[in-house]
There are 2 protein chains.
Amino acid sequence: MTMDFSRDKPIYSQLVDRICGDILRGKLLLGDRLPSVREYAVETGVNVNTVQRVYKELEAMNITETKRGQGTFITTNEERIELLREDMKNQLAANFLTSIEALGFSKEEMLVVLKNKA
Amino acid sequence: MTMDFSRDKPIYSQLVDRICGDILRGKLLLGDRLPSVREYAVETGVNVNTVQRVYKELEAMNITETKRGQGTFITTNEERIELLREDMKNQLAANFLTSIEALGFSKEEMLVVLKNKA
DNA sequence: CATAGTGTACTATGTGACTAGTACACTATG
DNA sequence: CATAGTGTACTAGTCACATAGTACACTATG
């Protein structure tokens, strides 16, 4: 596979985003088992430790549970996923607004641009 | 002064953003002279070399012109500034949309959140 | 012409984030 | 109990960033 990653953001972070996205999109279901760290490392073309960091991060966010010798699984706590969804939305929006502010744009101005974009 | 900087982004980059913002906000006018590298370094509490990188970056973006022995000035090319404004807006929007996509949100969904935020 | 104030260039150093390689610990399975 | 497949811990190397110090080139000013 050997995914292509953006260079302005750590690989592990992009993978976390991707997995979160897959969960939110329903491509990964509650209780699903993720690929093993080695397997996923080969799939994405990165190092095992990078994948481990991804899984570690996900577990710290309480959206996965890992069992030694068995694997890493998406939490079955649906409430947690819903919360995650809200959190990410809010954080995304907040970061966006911060950037807007720093560069001197108004929210209304940006909303117009967004509407007209693909 | 000793500004406080976010840790998730290089200082020099944040300073570039800040200056661009000041220009777009009209706090810095066309033809205005920026503080000297040494002066600005003291103001912001960073190293001279960091400021130089900021000024270098700004010049590479064609939004400042530097004259040896005199200082660094905002370009008088109004068209360039307008272009800058459009570029930054578009890039900001594009990045936002990319993040949205990666995390599995829809544009419409996010627009609602943005509208309801401060 | 001397001086002080500009930007610029260069080398060196320290630090932290990121990634990689390797070895270890645990668990299921036969 | 042996083996293969899990996650995990540790060490090391690379790179960007920020800093520090020094020296140089140019310009205005007196």
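Numbered from 1 within each chain, the chains take letters A, B, ... in sequence-line order.
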Margin query: Looking at B:Thr50, I'd like to know whether one of its side-chain N or O atoms comes within less than 4.0 Å of OP1 or OP2 on D:dC17.
Written below: no
Notebook entry, point to check: Does the base of C:dG7 carry an N or O that pairs as donor and acceptor with the side chain of B:Arg38 under 3.5 Å?
Noted result: yes
Note to self: Looking at A:Ser36, I'd like to know whether one of its side-chain N or O atoms comes within less than 4.0 Å of OP1 or OP2 on D:dT6.
What the structure shows: yes
Item checked: Interatomic distance where CG belongs to B:Leu58 and C1' belongs to C:dT8 [whole Å] -> 16 Å
Check: Under 3.5 Å, is there a donor-acceptor pair between the side chain of A:Lys107 and the main chain of B:Leu114?
Finding: yes
Check: Nearest to the side chain of B:Thr66, which nucleotide is it out of D:dA20, C:dG7, D:dG7?
Finding: C:dG7
Next item on the list: Report yes if a side-chain nitrogen or oxygen of A:Tyr12 is closer than 4.0 Å to either non-bridging phosphate oxygen (OP1 or OP2) of C:dT19; otherwise report no.
Entry: no
Checklist line | B:Gln14 CD to D:dC17 P, straight-line distance once rounded to whole Å | finding: 12 Å
Next item on the list: Give the rounded distance in Å between these two atoms: CZ of A:Arg7 and C1' of C:dA17.
Entry: 16 Å
Check: In whole angstroms, how far is the P atom of C:dC18 from the CZ atom of A:Phe5?
Finding: 14 Å
Note to self: Quick check on DNA chain D: between A:Gln52 and B:Lys67, whose nearest nucleotide comes earlier from the 5' end?
What the structure shows: A:Gln52
Next item on the list: Output yes when at least one side-chain N/O atom of B:Arg53 is less than 4.0 Å from OP1 or OP2 of D:dC17, else no.
Entry: yes
Check: Does OP1 or OP2 of D:dG7 have a side-chain N or O of A:Thr72 closer than 4.0 Å?
Finding: yes
Next item on the list: Answer yes or no: are there more than 12 heavy-atom neighbours, outside B:Lys27 itself, under 6.0 Å from its atom NZ?
Entry: no
Margin query: Need to verify one output field. Residue with the more 5' nearest nucleotide on DNA chain C, B:Lys56 or A:Arg68?
Written below: B:Lys56
Margin query: Within the supplied structure, the quantity of interest is the number of heavy atoms (other residues, nucleotides, ligands) at a distance under 6.0 Å from A:Glu79 CD; does it exceed 12?
Written below: no
Next item on the list: Please indicate whether A:Gln91 has more than 12 foreign heavy atoms, meaning atoms of other residues, nucleotides or ligands, lying under 6.0 Å from its CD.
Entry: no
Note to self: Heavy atoms only, 4.0 Å cut-off, all strands: where does A:Arg33 land among base, sugar-phosphate and nothing?
What the structure shows: sugar-phosphate
Margin query: Once you apply a heavy-atom cut-off of 4.0 Å, does B:Glu65 come out as touching a base, just sugar-phosphate, or nothing?
Written below: nothing
Note to self: Which residue is it: A:Arg53, A:Glu57, A:Lys56? I am looking for the one with a side chain to side chain donor-acceptor pair (under 3.5 Å) to A:Tyr12.
What the structure shows: A:Arg53
Check: Considering Watson-Crick and G-U wobble pairs with both distances under 3.5 Å, what does D:dA16 pair with?
Finding: C:dT15
Notebook entry, point to check: Reckon B:Val46 touches a base, only the sugar-phosphate, or nothing at all at heavy-atom distances under 4.0 Å?
Noted result: sugar-phosphate
Next item on the list: In whole angstrom, give the distance that lies between atom CD1 of A:Ile11 and atom P of D:dA16.
Entry: 14 Å
Item checked: N/O (side chain, B:Asn47) to phosphate O (OP1/OP2, D:dA20) under 4.0 Å -> yes
Notebook entry, point to check: Roughly, in whole Å, what's the span from CG in B:Leu34 to C1' in C:dG5?
Noted result: 16 Å
Check: Rounded to the nearest Å, what distance is computed from the OH atom of residue A:Tyr55 to the P atom of nucleotide D:dT6?
Finding: 10 Å
Notebook entry, point to check: B:Glu39 near the nucleic acid: base, sugar-phosphate alone, or nothing, with a heavy-atom cut-off under 4.0 Å?
Noted result: sugar-phosphate
Check: In this structure, are over 12 heavy atoms from other groups packed under 6.0 Å from B:Glu59 atom CD?
Finding: yes
Check: How close or far is atom C1' of D:dA18 from atom CG of B:Asp8, stated in whole angstroms?
Finding: 16 Å
Notebook entry, point to check: Which residue lies toward the 5' end of DNA chain C, B:Pro35 or B:Asn49, if each is placed at its nearest nucleotide?
Noted result: B:Pro35
Item checked: Residue-phosphate contact under 4.0 Å: A:Gln70 side-chain N/O, D:dG7 OP1/OP2 -> no
Notebook entry, point to check: For C:dT27, which nucleotide is its Watson-Crick or G-U wobble mate, given both distances must be under 3.5 Å?
Noted result: D:dA4
